[in-house]
Amino acid sequence: QVQVVESGGGLVQAGGSLRLSCIASGLTFDDSTMGWFRQAPGKGREWVSCISGRSGGTAYVDSVKDRFTISGDNAKNTLYLQMNNLRPEDTATYYCAATRMYYGLDWQCRIPPNLPGQGTQVTVSS
């Protein structure tokens, strides 16, 4: 059974930075694609970014490109999301989960039907 624990969220002013972490168990990062997803109140779940444990290939939703960076430490089964130049519209609960990367018009991350963790809250004030 896959378990994850997300951390690193908080309250930050617009333009600030946060680094999210996700420690996973029950899977092997080397063989997995891991992703970050978010959900704001009253909105649907959105994929943010994902990374292939095998190739290191990444995908980002357009709204976070050039601001967020995903990375992973396969030895520690830990996933990170460095978020810079945060905007109020980034306010959401952020979750990590195993996923799949696919190519549509660009590389994208499949939104999993279930999210195993409790998430970490990110609030960006204007």
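Basis for what follows: all heavy atoms, side chains included, without hydrogens, waters or symmetry-related copies. Just so it is clear, the structure is predicted and the values come from calculations on it, not from any experiment.
Criterion: ILVMFWY side-chain heavy atoms under 4.5 Å apart, direct or through other members. Under it, Val5 and Val48 are not part of a common hydrophobic cluster. Follow the hydrophobic side-chain contacts under 4.5 Å out from Ile23 and you never reach Leu81; the two are in separate clusters. The hydrophobic clustering, which links ILVMFWY residues whose side-chain heavy atoms are closer than 4.5 Å, places Tyr95 and Leu27 together. Hydrophobic cluster membership is shared by Ile70 and Val61, with clusters built from Ile, Leu, Val, Met, Phe, Trp and Tyr side chains linked at under 4.5 angstrom.
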Worksheet item: Do Met83 and Val124 pass the side-chain contact (heavy atoms from CB on, under 4.5 Å) test, and can you show the C-alpha distance, the side-chain angles, and the key distance before you say yes or no?
Response: CA-CA 11 Å; Met83 306 188 295; Val124 185; over 6 Å; no
Fill in: side-chain contact (heavy atoms from CB on, under 4.5 Å) between Phe68 and Leu86, intermediate numbers included
CA-CA 9 Å; Phe68 291 10; Leu86 282 159; 3.8 Å; yes
Worksheet entry | Derivation and outcome, side-chain contact (heavy atoms from CB on, under 4.5 Å), residues Glu6 and Trp36 | CA-CA 10 Å; Glu6 303 101 338; Trp36 287 99; 4.1 Å; yes
Worksheet item: Step by step, would you call Val122 with Arg38 a side-chain contact (heavy atoms from CB on, under 4.5 Å)?
Response: CA-CA 9 Å; Val122 172; Arg38 65 187 180 186; over 6 Å; no
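Thr69 OG1 to Arg19 CZ: the interatomic distance, rounded to the nearest 0.5 Å, is 10.5 Å. Here Ile111 contributes atom CD1 and Trp47 contributes atom CH2; the two are 9.0 Å apart, rounded to the nearest 0.5 Å. Of the inter-residue distances, the one linking Leu79 atom CG with Ser71 atom OG reads 7.0 Å to the nearest 0.5 angstrom. Atom CD1 in Ile51 sits 9.0 Å away from atom OG1 in Thr33 (nearest 0.5 Å). Expressed to the nearest 0.5 Å, how far OG1 of Thr78 lies from CZ of Phe29 amounts to 6.0 Å. Note that OH of Tyr94 is 8.0 Å distant from CD of Glu46, once rounded to the nearest 0.5 Å.
Annotation: Gln82, atom CD; neighbour count of heavy atoms from other residues, nucleotides and ligands within 6.0 Å is above 12. Heavy-atom contacts from other residues, nucleotides or ligands closer than 6.0 Å to CG of Asp106 number more than 12. Enclosure of atom NZ in Lys76 is not indicated, since only 12 or fewer non-hydrogen atoms of other residues, nucleotides or ligands lie within 6.0 angstrom.
In this structure, Ala92 and Ala40 approach most closely via the heavy-atom pair CB-N, 3.9 Å. Here the shortest heavy-atom pairing between Tyr103 and Leu105 reads OH-O, 3.5 Å. Pro112 and Ala97 make their closest contact through CG-CB, 3.9 Å (heavy atoms, listed as atom of the first residue, atom of the second, distance). Across every non-hydrogen atom of Arg45 and Pro113, the tightest pair is NH1-O, 3.5 Å. Between Ala24 and Val4, the shortest heavy-atom distance links the atoms CB-CG1, 3.9 Å. Counting all heavy atoms, side chain and backbone alike, Thr93 lies closest to Gly119 at CG2-CA, 3.9 Å.
Taking the charged nitrogens against the carboxylate oxygens, Arg54 and Asp30 have no contact shorter than 4.0 Å, which rules out a salt bridge. Ion pairing between a basic and an acidic side chain is recognised when a charged N comes within 4.0 Å of a carboxylate O; Asp90 and Arg87 show no such pairing.
Of the possible polar contacts, one joining the Ser49 side chain to the Ala59 backbone as a donor-acceptor pair under 3.5 Å is found. Side chain of Arg100 to backbone of Arg110: no donor-acceptor contact under 3.5 angstrom is found. A donor-acceptor pair under 3.5 Å is formed between the side chain of Ser52 and the backbone N or O of Ser55.
Thr99 places a side-chain heavy atom less than 4.5 Å from the side chain of Phe37. Tyr80 is listed as a side-chain neighbour of Asp73, based on a closest heavy-atom distance under 4.5 Å.
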